[in-house]
Amino acid sequence: MWHNLRTLWEYRYLVLTFIERDIKARYRQTTVGIGWAVIQPLLMTGIFTIIFSKFLHVSTHGIPYPLFSFIALSSWTFLSRSLTSGSIALTSNQGLISKVYFPRDVLPIATVASLFVDFGISSLLIPPLLFIYHLPLTWHLVFLPLVLAIQVLLAISFALLASSAVIVFRDLVYVIPFLVQIGLYASPIVYSVKNLQPQYQAYFYLNPITGVVEGFRSILLYQEIPNLTYLSISLAFALILFIITYHGFKRVEQYLADVI
Amino acid sequence: MNNNAVSFQKVTKLYFTGKRYQPTFREWTDAILTGKSFYRPKAQLKALNQISFTVKQGSVIGIIGSNGAGKSTVLKLIAKITYPNEGLIETQGTVAGLLELGTGFHEELTGSENVYIYASILGLNRKKIAAIYKEIVQFAGIEDFMDTPVKHYSSGMYARLGFAVAVHVRPNILLIDEVLAVGDLAFKEKCLSFMKDYCRHPHHTVVFVSHSLENVKAVCTEVMWIEKGKIIMHGHPAQVIKAYERDQKNTPS
């Protein structure tokens, strides 16, 4: 594993190149360009605010609903697209894979990295939003890198898993978007775990996304230390998933050019 | 000291044939858990059958043979794009090359953007690419089109740019698979003389697959003829080509 990770490090420039290529190609012929990275989560936030706040009166413990859902949606968009875009990271680069050598893990990792750029751009809206709603930034921000790191590790594991699983079982390309739909409601994006009856809350934290999303909310909205037990569950999940999927990916990689 | 650039020892490569050319779910789980190649007796084609050969550093080896003989499979194995079912392959130093025109090129992006992309796929970092960029453009001879998206390129321009990038990466082992066919005569000459010069360097080797016996004769220091996954002959270019030509005349196509 260390050997493979070192090879990957040697190819870090290729990751950069793929990120650039992805982003350039994604936005080149559009008028709004990279602005779409901001518009998409904003629109989602608008829709969710109307449905869940105005009509369904979901409780946010005093936090303005747009802010409450925007923070979760940025994170959710990043994680769920790691699964959906990750699932085609290998199959959409068929030509390259069958004609040139390079460590194939570069592809899903570059996918995650370019999604992280989008995540970063949409996150630029968070400080002004906090300011508008008079929410202070406090020392709790020191926990932010930890939550971010867990989120990225989780996203990489998702992308490695989805990209290689699709090679083994092509039907997953159609199954994954469906699973993502379910995931949106199984994770506390439009609601907070705190709204649920206490006896069910623990089950929600078995979902690794919960720790991350609620972690962001604790730090930015409630100015409190994120629940470290739940964060540890997310971290352990992400680490174990990464180790397993990375090994699996490296096995699948050997046969890739022959079956893709 | 061992000065073999490439060595194959009893290498076998199998491909699935027939309708079910994809491995089944069961075959996948076996392969992933054990790390061994797919095995399906009788339904696999032997693209390469127990072949062994070595190529010394500093040589230009030409590989010839009919369609489907296994020539491109040899290149893919050297490049580590695919792995053998049995046998051992050893290579010295870096490997890069051009297995197909336009590999790694993104249609929407410009010529110069694509130079950076393709060169970094071949393992170079930005600084190194910037240093050789001028040479690449000059070699390709398409200075005026570097800011045009490559989807507007002619196939000749594609070939020129692709070849120029691949050779300027300066790998220890350079692989060229039948890509000179679309270039014009002047460019072809340029490439052939480049390949000849390339091997003056003691640690450079070229593996050249072609159907043009003329080109093979012009640059290669040795030639290997393979048919149906087996080596028929490996040796002096003139002798191997002569035998190959005689055989081609005798077999009705």
Side-chain angles (χ1 to χ4, degrees), chain A residues 4 7-30 91-104 106-107 110 160-161 164-172 244-260, chain B residues 13-16 21-25 27-29 31-38 47 72-73 75-83 85 94-110 113-114 116-129 149 166 175 177:
Chain A
N4 287 331
T7 314
L8 186 62
W9 178 245
E10 280 164 22
Y11 275 83
R12 60 192 180 279
Y13 297 101
L14 183 55
V15 176
L16 284 178
T17 306
F18 279 139
I19 299 171
E20 213 183 307
R21 185 191 74 168
D22 271 12
I23 293 174
K24 268 187 189 158
R26 197 184 310 158
Y27 298 115
R28 173 144 294 189
Q29 290 192 331
T30 61
T91 46
S92 62
N93 284 292
Q94 214 163 335
L96 273 186
I97 288 171
S98 55
K99 300 294 176 195
V100 215
Y101 166 81
F102 57 91
R104 312 309 188 190
V106 164
L107 288 167
L160 285 171
L161 177 66
S164 49
V166 159
I167 298 294
V168 176
F169 199 53
R170 294 291 165 117
D171 306 50
L172 283 174
I244 294 172
T245 51
Y246 196 72
H247 276 289
F249 186 95
K250 280 289 163 188
R251 282 281 166 86
V252 172
E253 184 184 51
Q254 293 178 42
Y255 319 111
L256 212 47
D258 300 338
V259 298
I260 201 161
Chain B
K13 178 71 193 175
L14 305 173
Y15 283 112
F16 288 146
Y21 61 92
Q22 291 284 17
T24 62
F25 192 65
E27 283 165 337
W28 265 116
T29 36
I32 291 171
L33 293 177
T34 62
K36 285 184 190 147
S37 313
F38 304 117
S72 298
T73 306
L75 287 195
K76 284 188 179 184
L77 287 166
I78 296 173
K80 290 204 181 74
I81 292 167
T82 183
Y83 296 83
N85 292 63
T94 54
V95 184
L98 203 52
L99 265 59
E100 193 178 70
L101 282 180
T103 307
F105 281 13
H106 197 289
E107 294 275 298
E108 295 287 339
L109 305 181
T110 68
E113 284 169 334
N114 271 305
Y116 274 82
I117 293 178
Y118 189 37
S120 54
I121 291 171
L122 296 179
L124 293 197
N125 64 32
R126 238 156 257 234
K127 239 193 214 157
K128 281 190 191 148
I129 303 171
L175 310 174
D177 189 359

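Every heavy atom of this structure was used, including side-chain atoms; hydrogens, water molecules and symmetry mates were not. All chains are named by letter (A, B, ...) in the order of the sequence lines, taking the proteins before the strands, and each is independently numbered beginning at 1.
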Okay, A:Leu256 and chain B: the region with an atom under 4.5 Å from a heavy atom over there is neither

Part of A:Arg170 lying under 4.5 Å from any heavy atom of chain B: side chain

[X] versus chain A, heavy atoms under 4.5 Å apart: side chain, backbone, both or neither?
X: B:Ala31; value: both
X: B:Lys127; value: neither
X: B:Leu124; value: backbone
X: B:Thr73; value: neither
X: B:Leu33; value: backbone
X: B:Lys76; value: side chain

Just say parallel, tilted or perpendicular for the rings of B:Tyr118 and B:Phe105, cut-offs at 30° and 60°. perpendicular

Taking side chain to side chain contact (heavy atoms under 4.5 Å, CB included) as the test, write out the residues that go with A:Arg251, two or more places apart. A:Gln254, B:Ile32

Under 3.5 Å: donor-acceptor pair, side chain of A:Glu253, backbone of A:Pro103: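 Pair absent, no side-chain N/O of A:Glu253 close to backbone of A:Pro103.
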
Any donor-acceptor N/O pair, A:Asp258 side chain to B:Tyr15 backbone, under 3.5 Å: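 Looks like no, no N/O pair under 3.5 Å.
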
Of the listed A:Arg104, A:His247, A:Glu10, the one with the largest count of heavy-atom pairs under 4.5 Å with chain B is A:Arg104

Taking everything shown except A:Lys250 itself, do over 12 heavy atoms lie less than 6.0 Å from its NZ?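 More than 12 heavy atoms, drawn from other residues, nucleotides or ligands, come within 6.0 Å of this atom.
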
Sequence-distant partners of B:Glu27, salt bridge (charged side-chain N to carboxylate O under 4.0 Å, His left out), two or more places apart: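 Listed in chain order: B:Arg40.
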
What's the spacing between A:Phe169 CZ and B:Trp28 CH2 if we round to 0.5 Å? 13.5 Å

Could you tell me which of B:Phe38, B:Tyr116, B:Phe25 has the largest number of non-hydrogen atom pairs under 4.5 Å with chain A? B:Phe38

